[in-house]
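Accompanying notes for the structure given below.
A, B, ... follow the sequence lines: proteins, then strands. Residue 1 opens every chain.
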There are 2 protein chains.
Amino acid sequence: MSKVLIVEDEHAMSVALKDGFEFEGHDVTMAADGETALRLAKELMPDLIILDVMLPKMNGLDVCKQLRSDGYDLPIIMLSARGQEIDKVLGLKLGADDYITKPFSFMELIARVEAVLRRTSANKAQQKTVSFGSVKIDLAKHEVRKNDQLVELSSRELRLLTYFIEHPGEVIERDTLLDAVWDHDNPPLTRTVDMHVAKLRKKLEDQPSNPKHFITVHRLGYKFVID
Amino acid sequence: MSKVLIVEDEHAMSVALKDGFEFEGHDVTMAADGETALRLAKELMPDLIILDVMLPKMNGLDVCKQLRSDGYDLPIIMLSARGQEIDKVLGLKLGADDYITKPFSFMELIARVEAVLRRTSANKAQQKTVSFGSVKIDLAKHEVRKNDQLVELSSRELRLLTYFIEHPGEVIERDTLLDAVWDHDNPPLTRTVDMHVAKLRKKLEDQPSNPKHFITVHRLGYKFVID
DNA sequence: GGTTGGATTTTACAATTTGTTTACAACATT
DNA sequence: AATGTTGTAAACAAATTGTAAAATCCAACC
């Protein structure tokens, strides 16, 4: 039994999918627009998301992109109407796991669902965790512990930390961090980066005022060192 | 300073872009149609291409596609008029690095240009290390070691050292160093160079008062010798 | 609608670090 | 020796960073 989030605004289709998945023995949650989908996905951490491309408020591609950029690597299968072929490329590029074009038979969908679940649950076994000093991070679960004590990080803090972890040892400019961790349209001042680095130090360093991992490189930026 | 190829057929826009990029200190080449753009791109190998979607002879998407399929992976930023949203998907699919819709502010464009250049040149500069004698420099990590011992250099000292290493054996005038290592707007006195050379000697020479690598050439400048 | 609470961004100023100039002694060249 | 040049410590100036606190934003709830 898996937890499935179905995101679909056409009533007939959503009812059919719900019934179908429940008949297959899954635990189904529904969302009818992109924003709700995004919120529920983060809240429920479903095992699978069935995501229609055309949605009110926020389209499926953006939901997918947003989830990925927030660090959630939940399995996603996209649904699109025929003639939206172009979306396939982008959908996959933005991180969907599979893609199916309407109309499709329910059997076909179920087959793909199982393929995706098989693929991704295989990956799940090899938990993605990183640790440095007394800090352990489970990126999939969005959990950070220091001395086995849970530390609450905001989503921005987590994204920043993730970026650091993915680029150990490198000197990273503030502007690079703004590009990578903040949104593209209206980035804040570079000082905001300093602010957040200070927060990470406060929460994760043994001596925040004498950091060992989040290192300042004067005039250039910051450097994350694991040891 | 980067070489930029601007491909735009509307006169007003192309003049504005040219002026803007030249003001930013870039070396600008213009093209007004797709075929010319393609030829110039291959000929000049610019650091960046600003490519309008709507062009005579061959549209921007085709130019982009053609370049990619010919194996050129120059950074490309596409410009399109509002309402050509669909192009975004296609543009990215065909290999553009970023995309901006008219009308846009020049600041916005510049921000994206810088992001793209950073992304692409970051890949270029990876694992760039230089060394001389017992000194090794890892520019990405901002680390200098003498006999495997870490030496702390400020960013200006590091830039100066890098310049010396890239010009071994040459007699280099103080003014040349001011141009290359200091910023262009308000250069300090030439004596500041002496100051910094002294610092490098102190940190890197075995006998700072009897230097073997950072050699004074009386009345002319300095010379860096490797052995 | 408005309100609340948390996250995020901006601001402001102190602390720190780096960079520049000065001053004078030492040195090189004629 | 006279003159211009260089070495370098120390004083000074400027730029960068740390961080608390204020302002703003935003989503959730009434």
Round to the nearest Å and state the distance from B:Asp194 atom CG to D:dT8 atom P.
-> 10 Å
Rounded interatomic separation in angstrom, taking CG from A:Asn210 and C1' from C:dT17 = 15 Å
Would you indicate, yes or no, if D:dA9 has its OP1 or OP2 atom less than 4.0 angstrom from a side-chain nitrogen or oxygen of B:Lys202?
-> yes
For the side chain of B:Arg201, starting at C-beta, report the closest nucleotide among D:dG7, D:dT16, C:dT8.
-> D:dG7
May I ask you to verify if any side-chain N or O of A:Thr216 is less than 4.0 angstrom from the OP1 or OP2 atom of D:dT16?
-> no
Would you say A:Ser155 reaches C:dA7's phosphate, i.e. side-chain N/O to OP1/OP2 under 4.0 Å?
-> no
Would you say the side-chain atoms of B:Thr176 and B:Asp179 include a donor-acceptor pair closer than 3.5 Å?
-> no
Near-ring test A:Phe132/A:Phe164, centroid separation under 6.0 angstrom | no
When the distance from CZ of B:Phe214 to P of D:dG7 is rounded to whole Å, what number comes out?
-> 13 Å
Spacing between A:Arg159 atom CZ and C:dA7 atom P, to the nearest angstrom | 16 Å
For A:Arg191 and A:His196, take the nucleotide of DNA chain C holding the closest heavy atom to each; which residue's nucleotide lies nearer the 5' end?
-> A:His196
Just by distance, with hydrogens left out, do B:Arg201 and B:Thr216 show a side-chain donor and acceptor under 3.5 Å apart?
-> yes
Using a cut-off of less than 4.0 Å, is there contact between a side-chain N or O of B:Arg156 and OP1 or OP2 of C:dT17?
-> no
Would you confirm whether the ring centroid of A:Phe214 sits within less than 6.0 angstrom of the ring centroid of A:Tyr222?
-> no
Whichever of B:Val217 and A:Gly221 has its nearest DNA chain D nucleotide further upstream toward 5' | B:Val217
When rounded to whole Å, the CD to P distance for the pair A:Glu35 and D:dA27 reads 8 Å
Residue A:Lys3 excluded, over 12 heavy atoms near NZ under 6.0 Å | yes
Rounded to whole angstrom units, what separation is found between the NZ atom of A:Lys199 and the C1' atom of D:dT17?
-> 17 Å
Give a yes/no on whether any side-chain N or O of B:Tyr222 is located under 4.0 angstrom from OP1 or OP2 of D:dG7.
-> yes
Look at B:Glu157 together with B:Arg159 and state whether they make a salt bridge at an N to O cut-off of under 4.0 Å.
-> no
Among C:dT8, C:dG19, C:dT10, the one nearest any side-chain atom of A:Met195 is C:dT10
Looking for any heavy atom pair under 4.0 Å, which part of the strands does B:Thr192 touch: base, sugar-phosphate only, or nothing?
-> base
For B:Trp182 and C:dG19, is the shortest distance between a side-chain N/O and OP1 or OP2 below 4.0 Å?
-> no
Quick one: which of C:dT18, D:dT19, D:dT6 gets closest to the side chain of A:His218?
-> C:dT18
Under 4.0 Å between a side-chain N/O of A:Arg39 and OP1 or OP2 of D:dA27, yes or no?
-> no
Roughly how many Å is it from CD1 in A:Ile215 to C1' in D:dT17, rounded to a whole number?
-> 14 Å
Round to the nearest Å and state the distance from B:Glu205 atom CD to D:dT8 atom C1'.
-> 15 Å
